[in-house]
Amino acid sequence: MNLDAIDDWTRTHYSSRITPELDGLDVTLFGWVQEIRDLGGIRFIILQDREGTVQITIPKKRVGADVLSRSECLQKRFSIALKGTVRKTTMTPRGIEVIPKEIKILGTASCQLPLDVTGKTPANIETRLDARALDLTLERNIAVFKIQHTALEAIREFLFERGFLEVHTPRIIASATEGGAALFAVDYFGEKAYLAQSPQLYKEQLTMSLEKVFEVGPFFRAEESHTRRHLSEFVSVDIEQAFANAKDVMTLLEQCIQHVCTIVKEKCKEELSILKHKLTVPEVPFKRLTYDEVVNELEKQGVAIPWGEDIPTEAFRVLGKLHPEFYFIVDWPTRSKVFYIKARDDKPELCEGFDLMWRWIELVSGGTRIAEKESLAKRLQEQGLNPDAFKHHLQNFDYGMPPHAGWAIGLERLTMMLTGKKNIREVTLYPRDRVRLTP
RNA sequence: GCCCAGGUAGUAUAGUUCGGUCUAGUAUAUGCGGCUGUCGCCCGCAGGACCCGGGUCCGAAUCCCGGCCUGGGCGCCA
């Protein structure tokens, strides 16, 4: 098929901007054919773009020969441009339609698509991810990522206003930053290197200079996780603040979460309604449960956890039923948290780390960090890590490391909360997990 | 890594219990034809599938074994 050139055409309106008030106006639209309904003498084409759809109506006897012949060639997912006149009508749900004067065919598509692009015949997640670029054209999927975008915009706005600087730390690193999670190895000019699992040590170092920093970026965990809430590559929203402790950053966090919910609820009404998701703006402060309280609550529910142990998923699910919204878990046993979390001065067996839970899912984790070199080296050893591997990090503690604290939000998990999606891969454009490396 | 469940047209499913009218049904998608107000349009026609390999049996989509793939759960974690 011969394709048309765009020439000097430019879009005048997105589909969603066509309103009855524009009756009689000539517009130029760009987009894709989503659906064709041909009734014989009249043909309806649903034109889709990023913002929605609009009906193009072709009364066959009343349009030019060129419009007629081009419209006959159209198939689903063809990308097209058209110039036409807006017409107010009572015969479409939105009260408008566009009568084309000129159509350009800019791109074609195969006739048998791997997914139903109108979204009426739903496909399995596996089929959808295999054809993810096409899957993402569905209105309900676009809605997810518009919400994610809006959430991120709200977070940035919130942090900028409070004087945080956005930074970028290395993704390629020489050794483990946290010890625990497994790393992906990469070849770095013949040397062994790793993909970063977290910006933790770098953002801590930056509190010495930039004081308040945040970073949004992908991190990598080579865990063999096989769940609806884990990815091998995920996006973390990390902050770190000098001259602050856990209490300070917890207040910051709950305000940030509240702000995000407020903004998303306000700006994404349409998207939330497409997803049929009710978002409630949480009240602050969030509940603060201590580890001991949690263990006691769970015991009453018949779930026993030996003191000092981490809380297993099954127990979190029970906990999520008891606390169906946001809640912090604080005063964790020191030995259950990563090495850089500061122990309490009064009770060293407890630490100043916290988790922000949403129902049963860990959404954020953070805490006051150890700012003193000897304590940090000691904790490294206690956790079975080699302080020598961290000497580049440790030496910075000789140069004026301020007391500091911070947290990290799992962006995809936050998006799950905001959209009501139950599988993290739904809220990831191109998810990477134990078994998926493509597309 | 461990434990469950499952693989049927492009997509989503019925059928598998208890092997035989299954020549594998349905919806949607696709192709062709018809239709001037559809909006999950409608009507007619057509083509399109039992994951792979082995076994049991007169006979396997169905039972058995092995493999591959997928989904979910656990552990780990955000």
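Everything numeric in this text was worked out from a predicted model, so none of it was measured. Every chain is numbered from 1, with letters handed out A, B, ... down the list of sequences.
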Within the 4.0 Å heavy-atom criterion, would you say [X] contacts the bases, only the backbone, or no part of the nucleic acid?
| X | answer |
| --- | --- |
| T227(A) | base |
| E224(A) | base |
| S236(A) | nothing |
| P122(A) | sugar-phosphate |
| N423(A) | sugar-phosphate |
| K76(A) | sugar-phosphate |
| L39(A) | base |
| Q55(A) | base |
| R87(A) | base |
| D355(A) | nothing |
| R425(A) | sugar-phosphate |
| T92(A) | base |
| V435(A) | sugar-phosphate |
| I46(A) | nothing |

Using the [atom1] atoms only, state how far [M] lies from [N], rounded to an integer number of Å.
| N | M | atom1 | value |
| --- | --- | --- | --- |
| U21(B) | G33(B) | P | 38 Å |
| C68(B) | U23(B) | C1' | 31 Å |
| G31(B) | G47(B) | C1' | 8 Å |
| C22(B) | A5(B) | P | 30 Å |
| C3(B) | A49(B) | P | 37 Å |
| A24(B) | G34(B) | P | 30 Å |
| C52(B) | A61(B) | P | 11 Å |
| C69(B) | G53(B) | C1' | 15 Å |

Does any donor atom in the side chain of [X] or [Y] lie under 3.5 Å from an acceptor atom in the other side chain?
| X | Y | result |
| --- | --- | --- |
| T85(A) | D26(A) | yes |
| T19(A) | E21(A) | yes |
| T169(A) | E215(A) | yes |
| T290(A) | D292(A) | no |
| E204(A) | H393(A) | no |

Is there a Watson-Crick or G-U wobble partner for [N] with both distances under 3.5 Å, and if so, which one is it?
| N | result |
| --- | --- |
| U36(B) | none |
| G31(B) | C45(B) |
| A60(B) | none |
| G1(B) | C74(B) |

Check this one for me: any side-chain N or O of [X] less than 4.0 Å away from OP1 or OP2 of [N]?
| X | N | answer |
| --- | --- | --- |
| R37(A) | C41(B) | yes |
| N124(A) | U11(B) | no |
| R228(A) | G73(B) | yes |
| K337(A) | A78(B) | no |

Spacing of Y340(A) atom OH relative to A78(B) atom P, expressed in whole Å: 7 Å
Atom pair distance, as rounded to whole Å: CE in M416(A) and C1' in C77(B): 14 Å
Quiz item: cation-pi between R162(A) and F158(A), 6.0 Å / 45°: yes
Sub-4.0 Å heavy-atom contacts from residues 293-325 of chain A onto RNA chain B, ordered by number: D310(A), P312(A), T313(A), R317(A)
Check: E254(A) side chain, K287(A) main-chain N or O, donor-acceptor pair, under 3.5 Å: no
Heavy atoms of other groups near E97(A) CD, more than 12 under 6.0 Å: yes
Residue Q112(A), side-chain heavy atoms: nucleotide from C76(B), G10(B), U11(B) that is nearest: G10(B)
Selection from C35(B), A78(B), U36(B) that lies nearest to any side-chain heavy atom of I424(A): A78(B)
Check: C74(B) base within 3.5 Å donor-acceptor of H226(A) side chain: no
N/O donor-acceptor pair, side chain R94(A) with base C39(B), under 3.5 angstrom: no
Ring center gap for F326(A) and F286(A) short of 6.0 angstrom: yes
ring centroid sep under 5.5 Å plus plane angle under 30, F234(A) with A78(B): yes
